[in-house]
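Worksheet: one structure, shown below.
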Amino acid sequence: MAKLIDSAIASLDGYVADADGAFDWSAPDEEVHAFVNDLEREVGTYLLGRRMYEVMVAWETIDDESPVARDFAELWRAADKIVYSRTLEAVASARTRIERAFEPEAIGRMKASAARDIGVGGSELAGQALKAGLVDELHLFLTPFVVGGGKPALPDHLRLELELLDERRFANGTVHLHYRT
Ligand SMILES: NC(=O)c1ccc[n+]([C@@H]2O[C@H](COP(=O)([O-])OP(=O)(O)OC[C@H]3O[C@@H](n4cnc5c(N)ncnc54)[C@H](OP(=O)(O)O)[C@@H]3O)[C@@H](O)[C@H]2O)c1
């Protein structure tokens with residue numbers, strides 16, 4: 001049985017993008033990025049909200065960056081991607097298909113049959129997976145910024161008791177929290 005894993009980089013007050021839609025303050029440095037890469041190595045398929053996909057698809061064509069960025073780009077290109085969208089007409093990456101609706105039963109079947117773990121990204125989409133009880137593990141990277149509002153990493157009206165599996169602090173002030181739901 002594959003795990004469904006929700007990972008997000010957020011401000012200390014829990015936003016993945018600020019009120020202007022910016023998230024440059026969340027960019028991981030080399031140390032954090034290398035750690036993220038090692039987590040992503042276990043993931044065979046990404047479920048992505050359309051907004052997250054539109055940001056992440058840049059990794060399809062990025063090259064001549066640092067070794068850690070190149071490593072991430074290779075992980076991205078090797079993974080299967082399912083983009084959830086009612087509006088997107090075409091994808092701009094290989095190994096990618098569009099789904100028009102998020103169906104919890106289909107995700108449950110995917111978890112039962114997948115050989116490798118499944119990642120979910122984009123807080124609106126991940127929020128639906130959390131509310132449906134499909135998420136097995138949550139990785140939150142809290143950065144040392146308070147942005148005062150924006151797009152929350154976790155959905156409203158969700159109550160969940162979590163078990164802390166691991167934590168880590170990074171030199172740039174980011175804290176990683178790894179929970180099992
Ligand atoms: N903090 C970071 O490290 C980081 C990194 C990358 C991006 N970001 C930012 O994080 C934010 C994520 O935004 P988000 O939470 O709004 O986006 P999201 O979950 O990535 O995407 C939302 C979109 O996904 C589609 N969708 C959601 N539920 C669906 C369903 N049940 N059926 C079909 N389609 C569905 C819809 O696309 P359609 O409108 O096409 O129907 C919806 O507008 C963005 O602002 C992004 O720029 C942050």
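Order of listing sets the numbers, starting from 1, for every ligand and every atom in it. FYI, side chains are in, hydrogens and waters are out, and symmetry mates aren't considered; it's all heavy atoms of this structure. The model shown is predicted, which means the values in this text are computed figures rather than measured ones.
- When the shell of 6.0 Å around CZ of R100 is examined, it contains more than 12 heavy atoms from other residues, nucleotides or ligands.
- Tested against L75, the residues R70, E42, E40 include a single side chain to side chain contact (heavy atoms under 4.5 Å, CB included) partner, E40.
- Between R180 and E137 there is no salt bridge, since none of the side-chain N atoms of the basic residue sits less than 4.0 Å from a carboxylate O of the acidic one.
- Considering only non-hydrogen atoms, atom 20 (O) of ligand 1 lies nearest to M52 out of M52, E54, M56, E89.
- The contact set between ligand 1 and S26, taken as ligand atoms under 4.0 Å from a residue heavy atom, comprises 1 (N), 2 (C), 3 (O).
- Contacts between R50 and ligand 1 below 4.0 angstrom, taking non-hydrogen atoms only, involve backbone and side chain alike.
- Near I9, meaning under 4.0 Å from one of its heavy atoms, ligand 1 places the atoms 1 (N), 2 (C), 3 (O).
- Between F170 and H176, the distance from one ring center to the other does not fall under 6.0 angstrom.
- Proximity of L134 to P104: side-chain heavy atoms (C-beta onward) are separated by under 4.5 Å at one or more points.
- Which of F23, F102, Y15, W25 comes nearest to atom 8 (N) of ligand 1 through a heavy atom is settled by distance: it is F23.
- Taking a cut-off of under 4.0 Å to the non-hydrogen atoms of A17, the atoms of ligand 1 that pass are 45 (O).
- For atom 40 (O) of ligand 1, the closest heavy atom belonging to the protein is T87 OG1, 2.4 Å.
- Using a 4.0 Å cut-off to heavy atoms of R100, the atoms of ligand 1 that qualify are 32 (N), 33 (C).
- A salt bridge is defined here as a Lys NZ or Arg NE, NH1 or NH2 lying under 4.0 Å from an Asp or Glu carboxylate O, and D18 with K151 fails to meet this definition.
- From the protein, the heavy atom lying nearest to atom 26 (N) of ligand 1 is Y84 O, 3.8 Å.
- Checked options T181, L130, D136; the residue passing with L4 is D136 (criterion: side chain to side chain contact (heavy atoms under 4.5 Å, CB included)).
- H139 and H178 have parallel rings, their planes meeting at less than 30° on a 0 to 90° scale where 60° marks the start of perpendicular.
- Among the candidates N37, T143, T174, the single residue satisfying the side chain to side chain contact (heavy atoms under 4.5 Å, CB included) test with V32 is T174.
- When L47, V83, I82, L125 are each tested for a side chain to side chain contact (heavy atoms under 4.5 Å, CB included) with Y53, only one passes: V83.
- Counting atoms of ligand 1 from 1 in the listed order, those under 4.0 Å from a heavy atom of V55 are 6 (C), 7 (C), 47 (O).
- For atom 16 (O) of ligand 1, the nearest protein heavy atom (residue, atom name, distance) is K151 NZ, 2.7 Å.
- Summary of contacts: the protein heavy atom closest to atom 10 (O) of ligand 1 is V16 CG2, 3.6 Å.
- Here the protein heavy atom with the shortest distance to atom 32 (N) of ligand 1 is R86 NH2, 3.4 Å.
- Annotation: atom 21 (O) of ligand 1 to nearest protein heavy atom, R51 N, 3.3 Å.
- Looking from atom 27 (C) of ligand 1 to the surrounding protein, the closest heavy atom is E124 OE2, 3.4 Å.
- Below 3.5 Å of separation, one finds no N or O of Y53 facing any N or O of ligand 1.
- Of the N or O atoms in L125, one or more lie within a sub-3.5 Å distance of an N or O in ligand 1.
- Close approach of ligand 1 to Q128 (heavy-atom distance below 4.0 Å) involves ligand atoms 27 (C), 28 (N), 29 (C), 30 (C), 31 (N).
- Proximity of A101 to ligand 1 is established by a heavy-atom distance of less than 4.0 Å.
- Taking 4.0 Å as the cut-off between side-chain N and carboxylate O, E31 and R168 count as a salt-bridged pair.
- Listed for the K131 side chain is a donor-acceptor partner under 3.5 Å among the backbone atoms of D156.
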